[in-house]
Peer 1: 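Let me give you the structure first, and then I'll get to my questions.
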Amino acid sequence: MTQIFFAYFALVSIVTGILTVSLRNPVQCGIALLALLGHVAGLFVLLHAEFVAAVQVIIYAGAILILYLFVLMLLNLKAEERYFHRRYAWYVVGVGALTVELLMVLLATRFEGAKGPATVEAVEEIGNSMAIGIVMFSDYLLPFEIIGVFLLAAVVGAIVLAKPPAVTDAGAEER
Amino acid sequence: MIPVSAYVIVSAILFVTGLIGVLVRRNFIIVMMSVEIMLNAANVNLVAMAQHLDSLAGQILTLFVIAIAAGEAAVGLAIIIVVFRGKLATNVDQINLLKW
């Protein structure tokens, strides 16, 4: 059963990823990206990361992607004749060669390492959200605070950048 | 039980797809969407390794990556709005103001 779900989520996320980079109409690209994010959230659920899956759906699909679609429709972009770069075939060939190399390295790798304390059973006992919360607010408290400052800076930067330019006549007072 | 290498390979394919998108597409917003695909590939990798190694650090790093992606989207889209207002261009090969 798990194998079937994994095959479905993996296949659909790869196909929608390819659609996102190859579709002509930008809005359709956004919809394909939405499907990709949903199926990646499904992969997270299969990996026993329920909280991350919920955050993925709420923040990625619910907030970030809506921002993208909002800007796409604000700018009213049309599908274009020439939507690829001029020499895109060379890029695809180069990255394709890189992919083959990468897959061979990955297939030859044995993923081993020191196991941590958070086994699936130990996490299920107190719940995934609570386990993440305990670790995040103890071991990862400083990165958490830094992320807060970072988000504030991003919000202020976005507002300042997207503000309409101030009118600067010779007599008018500069705002 | 799915082996961790299956997740890593899915993540590698997604990452390469996003990389091709960044290199090939001309529309700036699609380029940023491709960056989001690459970030998602990294997230899959992190969560798969977290589950494989019985550690929660990967899941927490994933949450941080999602926060970074939100900030990147906000600032990047603000920049493209400013560029579009001045020049009416959203293609990356037409935005060459800083090109030497």
Side-chain angles (χ1 to χ4, degrees), chain A residues 2-3 6 10 13-14 17-18 20-21 26 29-30 33 36-37 40 43-44 46-49 52 55-56 59-60 63-64 67-68 71-72 75 77 83-85 88 91-92 95 99 102-103 106-107 111 113 115-119 131-132 135-136 140 143 147 150-151 154-155 157-158 161-162, chain B residues 1-2 4-10 12-14 16-21 23-27 29-30 32-34 36-37 40 43-44 47-57 59-60 62-64 66-75 77-82 84-85 90-91 93:
Chain A
T2 316
Q3 277 89 349
F6 174 76
S13 54
I14 288 170
I18 292 171
T20 306
V21 301
C29 293
L33 184 62
L36 168 81
L37 298 174
V40 169
L43 283 180
F44 289 161
L46 287 184
L47 284 166
H48 300 283
V52 177
V55 167
Q56 167 98 358
I59 295 184
Y60 242 124
I64 298 181
L67 194 64
Y68 275 100
V71 171
L72 271 179
L75 300 185
L77 294 179
Y83 62 115
F84 282 165
H85 263 298
Y88 74 93
Y91 289 130
V92 174
V95 178
T99 312
L102 191 66
L103 287 182
L106 285 179
L107 284 174
F111 296 98
K115 300 272 181 180
T119 57
I132 284 186
V135 179
M136 179 176 268
Y140 292 86
I147 282 290
F150 165 79
L151 282 177
V155 167
L161 272 176
Chain B
M1 192 63 203
I2 312 287
V4 68
S5 56
Y7 287 101
V8 174
I9 286 171
V10 169
I13 293 174
L14 275 181
V16 166
T17 312
L19 185 60
I20 290 179
L23 290 175
V24 156
R25 292 300 296 249
R26 290 173 77 225
N27 191 329
I29 297 179
I30 308 289
M32 282 183 62
M33 284 184 186
S34 305
E36 302 289 339
I37 295 178
N40 260 286
N43 285 349
V44 171
V47 176
M49 284 300 165
Q51 197 246 4
H52 180 61
L53 297 177
D54 291 335
S55 163
L56 284 174
Q59 297 188 20
I60 288 170
T62 302
L63 295 176
F64 289 151
I66 291 176
I68 297 279
E72 173 246 337
V75 175
L77 291 173
I79 287 174
I80 198 61
I81 284 178
V82 172
F84 188 79
R85 192 187 285 142
T90 55
N91 288 336
D93 48 0

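Numbers restart at 1 for each chain; the letters A, B, ... are given by sequence-line order, proteins then strands.
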Peer 1: Need one label for A:L103: side chain, backbone, both or neither, based on atoms under 4.5 Å from any heavy atom in chain B.
Peer 2: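 Side chain of A:L103 only, per the 4.5 Å heavy-atom cut-off to chain B.
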Peer 1: Identify which part of B:I29 has an atom lying under 4.5 Å from any heavy atom of chain A, answering side chain, backbone, both or neither.
Peer 2: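 For B:I29, the contact with chain A is made by backbone and side chain together.
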Peer 1: What are the two closest non-hydrogen atoms of B:A78 and A:L161, and how far apart are they?
Peer 2: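 Of all heavy-atom pairs spanning B:A78 and A:L161, the closest is CB-CB, 3.9 Å.
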Peer 1: Taking all non-hydrogen atoms of both residues, which atom of A:A162 and which atom of B:R85 are closest, and how far apart?
Peer 2: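 Minimum heavy-atom contact is O-NH2, 3.2 Å.
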Peer 1: Between chain A and each of B:I37, B:I20, B:I81, B:I80, count heavy-atom pairs under 4.5 Å; write down the option with the most.
Peer 2: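 Result: the option with the highest number of such pairs is B:I37.
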Peer 1: Which answer fits B:I66, side chain, backbone, both or neither, if we ask what part of it has an atom under 4.5 Å from a heavy atom of chain A?
Peer 2: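 Both parts, backbone and side chain.
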Peer 1: Between chain B and each of A:V40, A:T119, A:I59, count heavy-atom pairs under 4.5 Å; write down the option with the most.
Peer 2: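 Of the options given, most contacts go to A:T119.
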Peer 1: With chain B as the partner, which of A:L75, A:L33, A:I147, A:V135 has the greatest number of non-hydrogen pairs under 4.5 Å?
Peer 2: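 Of the options given, most contacts go to A:L75.
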Peer 1: Below 4.5 Å from any heavy atom of chain B, which atoms of A:I64 appear? Answer side chain, backbone, both or neither.
Peer 2: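 Contact with chain B involves the side chain of A:I64 alone.
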Peer 1: Please flag which part of A:I132 lies under 4.5 Å from any non-hydrogen atom of chain B: side chain, backbone, both or neither.
Peer 2: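 When you check distances to chain B, atoms from both the backbone and side chain of A:I132 fall under 4.5 Å.
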Peer 1: Does any heavy atom of chain A fall under 4.5 Å from the side chain of B:T62, the backbone, both, or neither of them?
Peer 2: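 B:T62 touches chain A through side-chain heavy atoms alone.
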Peer 1: Between B:M33 and A:P26, which heavy-atom pair has the shortest distance, and what is it?
Peer 2: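 Smallest heavy-atom distance, with atoms named: CE-O, 4.3 Å.
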Peer 1: Sort B:M32 into side chain, backbone, both or neither according to what part of it lies under 4.5 angstrom from a heavy atom of chain A.
Peer 2: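 Both backbone and side chain.
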Peer 1: Check whether any side-chain heavy atom of B:I30 sits under 4.5 Å from a side-chain heavy atom of A:V21, and report yes or no.
Peer 2: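 No. Closest side-chain heavy atoms not under 4.5 Å.
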Peer 1: Between B:V8 and chain A, with a heavy-atom cut-off of 4.5 Å, which part of the residue counts as in contact: side chain, backbone, both or neither?
Peer 2: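 Both backbone and side chain.
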Peer 1: With a 4.5 angstrom heavy-atom cut-off, is it the side chain or the backbone of B:L14 that approaches chain A, or both, or neither?
Peer 2: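 For B:L14, the contact with chain A is made by the side chain alone.
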Peer 1: Looking at B:V47, B:V75, B:V10, which one has more heavy-atom pairs under 4.5 Å with chain A than the rest?
Peer 2: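 Option with the greatest count: B:V47.
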Peer 1: Examine distances only and state if a side-chain atom of A:K115 and a backbone atom of B:S55 form a donor-acceptor pair shorter than 3.5 Å.
Peer 2: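 Between the backbone of B:S55 and the side chain of A:K115 there is no qualifying donor-acceptor contact (under 3.5 Å).
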Peer 1: Which one of A:Y91, A:F44, A:Y68, A:Y140 has the most heavy-atom pairs closer than 4.5 Å to chain B?
Peer 2: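 Most heavy-atom pairs within the cutoff with chain B belong to A:Y68.
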Peer 1: How close do A:A158 and B:A74 get, heavy atom to heavy atom, and via which atoms?
Peer 2: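 Minimum heavy-atom contact is CB-O, 3.9 Å.
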Peer 1: Give the member of A:P143, A:S13, A:P117 that has the highest number of heavy-atom pairs under 4.5 Å with chain B.
Peer 2: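 Of the options given, most contacts go to A:P143.
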Peer 1: Can you tell me which portion of B:L23 sits under 4.5 Å from chain A's heavy atoms? Options are side chain, backbone, both or neither.
Peer 2: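 Backbone plus side chain of B:L23, per the 4.5 Å heavy-atom cut-off to chain A.
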Peer 1: If we define contacts as heavy-atom pairs under 4.5 Å, which of A:L72, A:V92, A:L107, A:L151 has the most with chain B?
Peer 2: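 Option with the top pair count is A:L72.
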Peer 1: Rounded at 0.5 Å granularity, tell me how far CG in A:L37 sits from CD in B:E36.
Peer 2: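 A:L37 CG to B:E36 CD: 7.5 Å, rounded to 0.5 Å.
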Peer 1: Mind checking what makes ring-ring contact (aromatic ring centres under 6.0 Å, His included) contact with B:Y7, not counting sequence neighbours?
Peer 2: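 B:Y7 satisfies ring-ring contact (aromatic ring centres under 6.0 Å, His included) with A:F6 only.
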Peer 1: Less than 4.5 Å apart, side chain to side chain, heavy atoms only: is that true for A:Q56 and B:N40?
Peer 2: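 Side chain of A:Q56 against side chain of B:N40, heavy atoms only: contact under 4.5 Å found.
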Peer 1: Please flag which part of B:A50 lies under 4.5 Å from any non-hydrogen atom of chain A: side chain, backbone, both or neither.
Peer 2: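 Neither part.
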Peer 1: Relative to chain A, which segment of B:L19 carries a heavy atom at a distance below 4.5 Å: side chain, backbone, both, or neither?
Peer 2: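 The side chain, not the backbone.
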Peer 1: Test of understanding: with side chain to side chain donor-acceptor pair (under 3.5 Å), list the residues that count as partners of B:Q51, not counting sequence neighbours.
Peer 2: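 Result, side chain to side chain donor-acceptor pair (under 3.5 Å) vs B:Q51: none returned.
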Peer 1: Can you tell if the side chain of A:V52 reaches within under 4.5 Å of the side chain of B:N43, non-hydrogen atoms only?
Peer 2: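 They are not in contact (no side-chain heavy atoms under 4.5 Å apart), so the answer is no.
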